[in-house]
Protein chains: 2
Amino acid sequence: MRWTVRSQPLKNACDIWYGELSEQLGYVLKRAQLKVFENFLRCMASLQLTPAQFSVLLLVEKNPGRNQTEIASTLGILRPNFVAMLDNLESRDLCARIRSTNDRRSHILVLTDKGKAVLARAKKLVATKHEARLNDLLGQANREALIGMLAKIANEF
Amino acid sequence: MRWTVRSQPLKNACDIWYGELSEQLGYVLKRAQLKVFENFLRCMASLQLTPAQFSVLLLVEKNPGRNQTEIASTLGILRPNFVAMLDNLESRDLCARIRSTNDRRSHILVLTDKGKAVLARAKKLVATKHEARLNDLLGQANREALIGMLAKIANEF
DNA sequence: TATTGTTATACTCTATAACTATA
DNA sequence: TATAGTTATAGAGTATAACAATA
């Protein structure tokens, strides 16, 4: 897990011109994403949760009893890559794999009590430190508009 | 270079609930970024340019005569990682390294004639296929608002 | 035969240390 | 000594093939 993230400026120290670059959707999108992940990691430093791990915990809490394939594919994580992620979360006693009785090939996923407690604390940190920062920067209405447009791009582009 | 990009749905086939995830800035930002890069690669398939390579060509065109360190750091690329990128662009005769006469340690970067021609074609493809797609999806005003908010996040978050 | 979780593996990105040639 | 470009290398993230257990 990387706890330092490099983020470079859109405005630089020396006098280099960005030109069309500052209008390129992909460029500003990527830069913004790096900044947001960087801020997320700082906010979550006390809980040692990455954005990906947080998304897994959120989804397992909302959909207890689903198996690895279902959770992984919903998050766009390939099953082979999900194994080490779960090993990590399980070793920290945040979630558990339970052999399904219906289909003994499947591992049902659930949050442990500690996992639920950590997720609750994580949600509070995200709301008060991370998302609040975005509200300060853009205002409530713009924040909602931004999320809406990004979701539309993610779904329909 | 990877020319296939996996992009997963925000809306999935089976009945798994996203819950707070669909409101998480980082999540929708990352998903949108993957979709946009995927679309960019498809639009640029004929020119075989990645988003990163396109940004290098744009910046070198706008700032001819700058050295590797200046271009790389402006784009948030670490100098060691910039070497292979330039090797690639130079081997395709899109840009050239020129030993500076002032400081013989520096490599001045310029676009070749072919590089200028390819970049001109790339800009047209981006404008007509890629950015136009975003206009269709969001409308001109929303598109500009989105870019503005993303730039603000990239600069100030 | 098909699917779940897993292992092994490979490729891209990103990051740091250290070398060389110049300054 | 300090800096520019480079090499080597290591760690994430992401991708595919194939295996064991189970259906």
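Quick caveat: nothing in here was measured; it's all calculated off a predicted structure. Below, chains carry the letters A, B, ... as their sequence lines are ordered, and counting in each starts from 1.
- Heavy atoms only, all atoms of each residue included: B/L29 and A/Q33 are closest at CD2-CA, 3.7 Å.
- Ring orientation note: the planes of B/Y27 and B/Y18 are tilted relative to one another, at an angle of 30° to 60°.
- In this structure, a donor-acceptor pair under 3.5 Å is absent between the side chains of A/Q24 and A/E20.
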| field | Pair A/I16-B/E70, side chain to side chain contact (heavy atoms under 4.5 Å, CB included): steps then yes or no | value | CA-CA 8 Å; A/I16 287 198; B/E70 290 169 318; 3.7 Å; yes
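- Rounding to whole angstrom units, CG of residue A/L41 and P of D/dA12 are separated by 13 Å.
- If you take CZ of A/R79 and C1' of C/dT7, they are 15 Å apart, rounded to a whole angstrom.
- The two atoms that bring A/A122 and A/M44 nearest to each other are CB-CE, 3.4 Å, heavy atoms only.
- In this structure, B/I98 places its CD1 atom 18 Å from P of D/dA4, rounding to the nearest Å.
- Applying the 4.0 Å criterion to OP1 and OP2 of D/dG5, one finds that B/T69 has a side-chain N or O inside that range.
- C/dC13 atom P lies 14 Å from atom CZ of B/F82, rounded to whole Å.
- Applying the salt bridge (charged side-chain N to carboxylate O under 4.0 Å, His left out) test between B/E61 and each of B/R66, B/K116, B/K123 identifies B/K123 as the sole match.
- Rounding to whole angstrom units, CG of residue B/N88 and P of C/dT12 are separated by 11 Å.
- When each of A/K30 and A/R97 is assigned the nucleotide of DNA chain C bearing its nearest heavy atom, the one mapping closer to the 5' terminus is A/R97.
- Following rounding to the nearest Å, B/L34 (CG) and D/dA15 (P) show an atom-to-atom distance of 8 Å.
- The listed nucleotides are C/dT4, C/dT6, D/dT6; the one nearest the side chain of A/V83 is C/dT6.
- Atom CG in A/L75 sits roughly 15 Å away from atom C1' in D/dG13 (whole-Å rounding).
- For A/H107, taking side-chain heavy atoms from C-beta onward, the closest of the listed nucleotides C/dT6, D/dT7, D/dT14 is C/dT6.
- Looking at A/R79 and A/Q68, their side chains never bring a donor and an acceptor atom within 3.5 Å of each other.
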| query | Once each nucleotide of nucleotides 17-23 of chain C is scored for protein heavy atoms under 4.0 Å, what B/S/- sequence comes out, 5' to 3'? | reply | B---BBS
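- Rounded to whole Å, atom P of C/dT6 lies 11 Å from atom CG of A/N67.
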